[in-house]
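So the structure is just underneath, and the comments pick up after that.
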Amino acid sequence: MYFKFSLRKHPESGKLCGYYRLVESYRNAENRVCHRTILNVGFMEDATPEQLNRIQRQLTDRYEHKEPLFDEDVDPVVRSYVEEFWQRIVSSEKFDLSAGKLLRMVDMDTLEHSNAREIGAENIAYRTWEKLNLTPLLLSAGFSPEQAKLAATQVVSRAVYPASELKTVRWIKENSAVCELTGYGVDKVTKDRLYKSALDLYKAKDAIERHLSRRTNELFDLEDKIILYDLTNTYFEGEKRNSQLAKFGRSKEKRNDAKLIVLALVVNVEGFIKYSSVLEGNIADCNTLSAMIEKLASHTCRGPAVVVLDAGIATEENLRLIESKGYRYLCVSRTRLKDYSYVPGRPTTLLDTKSKQTIRLRSVATEKNTDYYLEVKSPSKEKKEEGMKLQFENRFEQELQKIHNALHSKGGTKKADKVHQRIGRAKEKYPSVQRYYDITVSSDTKTGLATEITWEKDTEGHQEKNESLGVYFLRTNLNVKEEYVVWNIYNTIREIENAFRTLKTDLDLRPIYHKNDDATMAHLHLGILAYWLVNTVRYQLKHNGIKSCWGEIVRIGNTQKVITTSGTNTYDKIITTRKCTVPNKNLKQIYDILQTKHQPFAKRKSVVHKSETEKIESPKKQLLLSG
């Protein structure tokens, strides 16, 4: 309860004075704040503002049956008004106060729970959106407040529930409370507005990436000393006849029947994207670096950073380009070194990896150039290559055995030139192992028919091949004194592989169903924006011992719901409250690490009063009227 006043002419003095009414505020069924007058108090010239506050507070406490912690107010003016007004409230019979507090309870049989929606994962993603200051950025980029709210709704939805625009609309309207967090009207969400919002976000791509690159460095005190660059591709469902980007190429998902598009990323060692680019699906890896290097300087990578590359990109031309821009490089050598020697005075280093394997590191020198080379012997790589080698050897010997059997079977290939052709095709099919076999074909010079084919392994070459299994070479222009430093720096390239895995798996970036190139670019950019939220959350969790994938974090977040509960009290008022459930132990731990409140929003309560003009007839009178 509180006092509300209006200026009126005092009948005795003829002056304008404050005329007071005691008012109660409540929320109706439409969640709109309403006011109801309890008493017309009149003029209170003898009461100060402080006394008025104490009067309304004590009346509210009496109405809510709250016992005072201290002695009642000793101010005679306050006590007098409180007693007078309370007696008037009781005599008005607007509230049934005769039976005390119990009559104000809600009838348990009338309780109903409705409109339950998921909110935990959405809360994690949206609080991260706020932490990254994306809404002020969009407003400065020309977005209206409504457009910024829709963009936040869409990116958070993409992070939590990656799906098409049509499915996203259904999810927002039926399953999620994301709009209650962002403030965007749930009835306004349509697939067409989501399409347009994605296009608007893509138009601001460069400004958003520069902002996020700086913001994450400021938040977590990061320095981009090591930069990772790599590419991946994703495929389309559909023919994409008029697309300038979709091309047939070498698919990493083995979808050679579908057109591709290439996504190039520059990522720091913490997994935060520095720059992204979408390229044609048939572009060669080595032809993509020049444009990316030009963009690096315009972002945060202005210092002498180390660019870590995969072997497919590390051509001599690209390495010279990186060096000319003032960067250092570290990559896997594109060719296996042959004429090299171990650097004298540099010890062999044995290093235990996280997978509990021991790798061998040795510095080597070559006359080819002055770069530093590091020979790496990996047991896991050796085991993999040994398995592939044995498989190829078995298949090559099976091909030779088929040729041999044909010489001694009716209708088989026996002409010497045809036999040599079959052997040549087998060598072409298995080039990595055929060099270690000595093959002899015996033939009859008179008939020109082959009579026998024999083969045996070249023992010396075979042994040399076995010794080189699991060996690869790292190349860099860094001036390093410790072998393990080079290996550790290169090992950070796993972070960009994790980024691609998150984009493709957790954020469902593949396949692409959009028909035109603009929608395709917007779709990929939306996934990258969602990845920013995901990686910001996972970065904080990983540094506190939680290394769960994003899908597991979403599952934990979905355990928290927001529910509407309604019931009728003893005054025939419908009390409605919307409140979040208490997060479980795992979600509380995540909230505490992210410094997020356990309750996404405060309890929202509404009261629907029985209309004062409505007259309730007694059961006896109703019976007489019906008769």
Side-chain angles (χ1 to χ4, degrees), residues 27-34 114-130 132-205 207-208 507-508 513-514 516 518-519 521-523 525-530 532-533 554 557-558 560-564 566 576-580 600-606:
R27 289 183 181 272
N28 63 11
E30 287 77 28
N31 204 31
R32 185 170 59 87
V33 177
C34 300
S114 60
N115 199 19
R117 292 170 178 263
E118 298 167 352
I119 198 170
E122 291 88 334
N123 186 40
I124 292 172
Y126 181 63
R127 300 309 170 196
T128 305
W129 170 281
E130 291 183 323
L132 294 175
N133 289 343
L134 281 166
T135 296
L137 172 70
L138 296 182
L139 294 176
S140 65
F143 282 61
S144 68
E146 282 294 295
Q147 287 176 320
K149 291 178 182 178
L150 178 58
T153 303
Q154 186 171 21
V155 176
V156 169
S157 300
R158 182 73 193 179
V160 178
Y161 182 76
S164 67
E165 282 74 7
L166 183 61
K167 289 184 178 179
T168 300
V169 170
R170 289 204 298 262
W171 177 77
I172 291 174
K173 291 182 178 294
E174 298 176 9
N175 299 87
S176 175
V178 62
C179 286
E180 297 182 48
L181 295 172
T182 62
Y184 189 78
V186 66
D187 295 332
K188 299 178 182 178
V189 179
T190 64
K191 65 180 182 62
D192 292 331
R193 286 180 176 173
L194 293 182
Y195 276 124
K196 186 178 184 306
S197 177
L199 292 171
D200 292 339
L201 285 169
Y202 179 69
K203 292 176 183 176
K205 172 182 177 294
I208 293 173
L507 298 177
D508 200 25
Y513 296 93
H514 293 281
N516 61 65
D518 288 342
M521 304 284 269
H523 164 79
H525 181 242
L526 191 63
I528 290 172
L529 284 179
W532 274 100
L533 303 185
V554 170
N558 286 342
Q560 187 178 31
K561 307 290 194 295
V562 57
I563 302 174
T564 297
S566 61
T576 301
T577 180
R578 186 154 179 78
K579 194 174 181 181
C580 300
F601 53 76
K603 177 178 68 175
R604 297 172 180 173
K605 182 179 178 182
S606 63

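No experiment lies behind these values; they were computed from the predicted model shown.
The nearest pair of heavy atoms linking Gln560 to Pro600 is NE2-CD, 3.8 Å. A pairwise comparison of heavy atoms in Leu199 and Ala522 identifies CD2-CB, 3.8 Å as the closest pair. Across all non-hydrogen atoms, the minimal contact from Pro162 to Leu507 is CB-O, 3.4 Å. Nearest heavy-atom pair across Trp129 and Ala148 is CZ2-O, 4.4 Å. Across Ser566 and Thr576, no two heavy atoms sit closer than the pair CB-OG1, 3.7 Å. Between Leu194 and Leu150, the shortest heavy-atom distance links the atoms CD2-CD1, 3.9 Å.
By the side chain to side chain donor-acceptor pair (under 3.5 Å) test, Ser157 pairs with no residue at all, sequence neighbours left out. The side-chain contact (heavy atoms from CB on, under 4.5 Å) test applied to Val554 returns Ala121, Val160, Trp550, Asn558, not counting sequence neighbours. In terms of the ring-ring contact (aromatic ring centres under 6.0 Å, His included) criterion, residue partners of Tyr202 (sequence neighbours excluded) are, by chain and number, His525.
For residues 146-198, the ring-ring contact (aromatic ring centres under 6.0 Å, His included) pairs, not counting sequence neighbours, are Tyr161-Trp171. A salt bridge (Lys or Arg N to Asp or Glu O under 4.0 Å) check over residues 187-202, counting only residues at least two apart or in different chains, returns the pairs Glu146-Lys188, Lys196-Asp200. Counting only residues at least two apart or on different chains, no salt bridge (Lys or Arg N to Asp or Glu O under 4.0 Å) pair has a member in residues 162-177.
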Check: After noting the C-alpha distance and the side-chain angles of Glu130 and Thr135, does the key distance pass the side chain to side chain contact (heavy atoms under 4.5 Å, CB included) rule?
Finding: CA-CA 7 Å; Glu130 291 183 323; Thr135 296; 5.9 Å; no
Next item on the list: Report the C-alpha separation of Leu138 and Leu201 in whole Å, then their side-chain angles, then the decisive distance to 0.1 Å, and conclude whether the side chain to side chain contact (heavy atoms under 4.5 Å, CB included) test is met.
Entry: CA-CA 9 Å; Leu138 296 182; Leu201 285 169; 4.0 Å; yes
Does the pair Thr168 and Val189 meet the rule for a side chain to side chain contact (heavy atoms under 4.5 Å, CB included), with working shown? CA-CA 9 Å; Thr168 300; Val189 179; over 6 Å; no
**Prompt:** Under the side chain to side chain contact (heavy atoms under 4.5 Å, CB included) criterion, do Ile528 and Lys205 qualify, and how do the steps go?
**Reply:** CA-CA 10 Å; Ile528 290 172; Lys205 172 182 177 294; 6.0 Å; no
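Taking SG of Cys580 as the start and CD1 of Ile563 as the end, the distance is 9.5 Å to the nearest 0.5 Å. In this structure, the separation between OG1 on Thr153 and OH on Tyr126 is 8.0 Å, given to the nearest 0.5 Å. Taken from CG in Leu132 to CG in Leu529, the straight-line distance is 10.5 Å, to the nearest 0.5 Å.
Between the side chain of Arg117 and the backbone N or O of Val178 there is no donor-acceptor pair closer than 3.5 Å. Arg158 places a side-chain N or O within donor-acceptor distance of the main-chain N or O of Ala163, the cut-off being under 3.5 Å.
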